Amino acid sequence: MQIMLCAICNIASGNCSEDCKYCTQSSYVKTNIQKYRRKEIAQIVLEAKMAKKNEALGFCLVTAGLGLDDEKLEYVCEAAYAVKKAEPNLLLIACNGLATLDQLKELKKVGFFSYNHNLESSKEFFPQICTSHTWESRFETNLRAKEAGLMLCCGGIYGMGESQDDRKSFRESLKELQPFSSPINFFIANENLNLQVPKMSADEALDIIRESKRDLGETILMVAGGREWVLGERQYEIFEAGAAAIVVGDYLTTKGEEPSKDIIRLKEMGFSFASECH
């Protein structure tokens with residue numbers, strides 16, 4: 001079986017004005033994460049080269065904050081240009097919050113393959129985890145990304161205290177968007193967050209992947225944040241459950257599995273890694 005690996009590059013970290021209860025980058029909580037307005041372009045290129053060496057096909061440039069403005073858009077495009085020049089075979093993914101149609105078209109023009117903007121949860125549950133912007137604004141950005149000609153990457157986070165009905169509603173909204181790929185994240189606890197919920201069991205996490213595969217059909221399911229935290233030694237069962245992609249390396253503000261360990265284990269299991277997207 002061939003699977004897809006993606007890597008995340010957090011190019012603008014922390015000091016976010018939004019009050020999302022699940023996020024350590026929110027300025028509403030005090031955490032010891034690394035904060036910086038802009039990562040050096042040379043460092044971004046270095047991380048892109050490392051991602052390629054680690055068999056990644058997708059490389060996601062992520063910025064903290066509500067969305068894009070002209071200055072941030074220019075920086076993201078500059079970073080994309082440098083990465084494409086250094087590693088032309090990486091598929092670039094932008095994750096920059098709310099965006100207008102013109103901004104998304106500009107990202108498409110400079111070489112981005114996909115836009116990632118997660119709904120995070122259901123329309124009904126979202127006000128319990130964020131009040132500084134609306135679920136609808138997220139949904140509309142996803143529609144605009146598709147209109148701009150970008151492949152859509154849209155998913156969310158499970159285990160934030162939502163109900164089974166919330167999960168069903170969330171997946172119904174994803175079905176409406178028909179994303180190319182959908183990240184499945186499992187909430188990672190942090191003592192500084194304003195969201196304190198029990199840790200999800202591995203069995204429940206695997207059931208969520210199975211249900212997502214059933215509900216989302218041809219969408220590529222990518223298991224992302226919380227894979228190691230929630231699934232532990234059972235993390236590679238995700239492929240039997242229906243996942244076809246994972247994030248390798250670190251996440252936005254939390255450590256991930258060492259990529260070499262993932263790659264060795266996956267090769268031992270008979271997996272190969274996608275080098276192009278069909």
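Because only heavy atoms are used, hydrogens play no part in the values below, and waters and symmetry mates are left out as well, while side chains stay in. None of these values were measured; they are calculated from a predicted model.
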Query - side-chain hydrogen bond (donor to acceptor under 3.5 Å, both in side chains) partners of N96, counting only residues at least two apart - result: T63
Report task. Quick one: list whatever passes side-chain contact (heavy atoms from CB on, under 4.5 Å) with T131, sequence neighbours left out. Result -> D19
Report summary line: By salt bridge (Lys or Arg N to Asp or Glu O under 4.0 Å), E136 pairs with (sequence neighbours left out) K123
Requested in this report: State whether E147 and R144 are salt-bridged, where the test is any N-O pair (Lys NZ or Arg NE/NH1/NH2 against Asp/Glu carboxylate O) under 4.0 Å.
Outcome: no
Query raised in the report: Can you list the residues that meet the salt bridge (Lys or Arg N to Asp or Glu O under 4.0 Å) rule with E237, with sequence neighbours excluded?
Result: R234
Requested in this report: Please write out which residues are connected to L66 in a hydrophobic cluster, directly or through intermediates, given that two of Ile, Leu, Val, Met, Phe, Trp, Tyr count as joined at side-chain heavy-atom separations below 4.5 angstrom.
Outcome: L98
**Report entry** Residue list, side-chain contact (heavy atoms from CB on, under 4.5 Å) with V197, at least two apart or on another chain
**Finding:** F187, L195
Report task. Would you check if there is a donor-acceptor pair between the side chains of N142 and Y115 at a distance under 3.5 Å? Result -> no
Query - Residue list, side-chain contact (heavy atoms from CB on, under 4.5 Å) with K199, at least two apart or on another chain - result: W229
Query raised in the report: Can any side-chain N or O of N118 pair as donor or acceptor with the backbone N or O of G155 at less than 3.5 Å?
Result: yes
**Report entry** Pair S212-D215, side-chain donor/acceptor within less than 3.5 Å
**Finding:** no
Report summary line: E204 meets the side-chain hydrogen bond (donor to acceptor under 3.5 Å, both in side chains) criterion, sequence neighbours left out, with R167
Report summary line: Contacts of Q43 meeting side-chain contact (heavy atoms from CB on, under 4.5 Å) (sequence neighbours excluded), chain-then-number -> K39, E40, L46, E47
Query raised in the report: Y75 side chain to I11 main-chain N or O, any donor-acceptor pair under 3.5 Å?
Result: yes
Query - Pairs involving residues 147-169, ordered by first then second residue, that meet ring-ring contact (aromatic ring centres under 6.0 Å, His included) (sequence neighbours left out) - result: Y158-F170
Query raised in the report: Under 3.5 Å, side chain of E162 to main-chain N/O of M160, donor-acceptor pair present?
Result: yes
Query - With E87 via salt bridge (Lys or Arg N to Asp or Glu O under 4.0 Å) - residues at least two apart - result: none
Requested in this report: Name all residues meeting the salt bridge (Lys or Arg N to Asp or Glu O under 4.0 Å) criterion together with D165; count only those two or more places apart in sequence or in a different chain, and write none if there are none.
Outcome: none
Query raised in the report: Is the F139 to H117 ring centre distance short of 6.0 Å?
Result: no
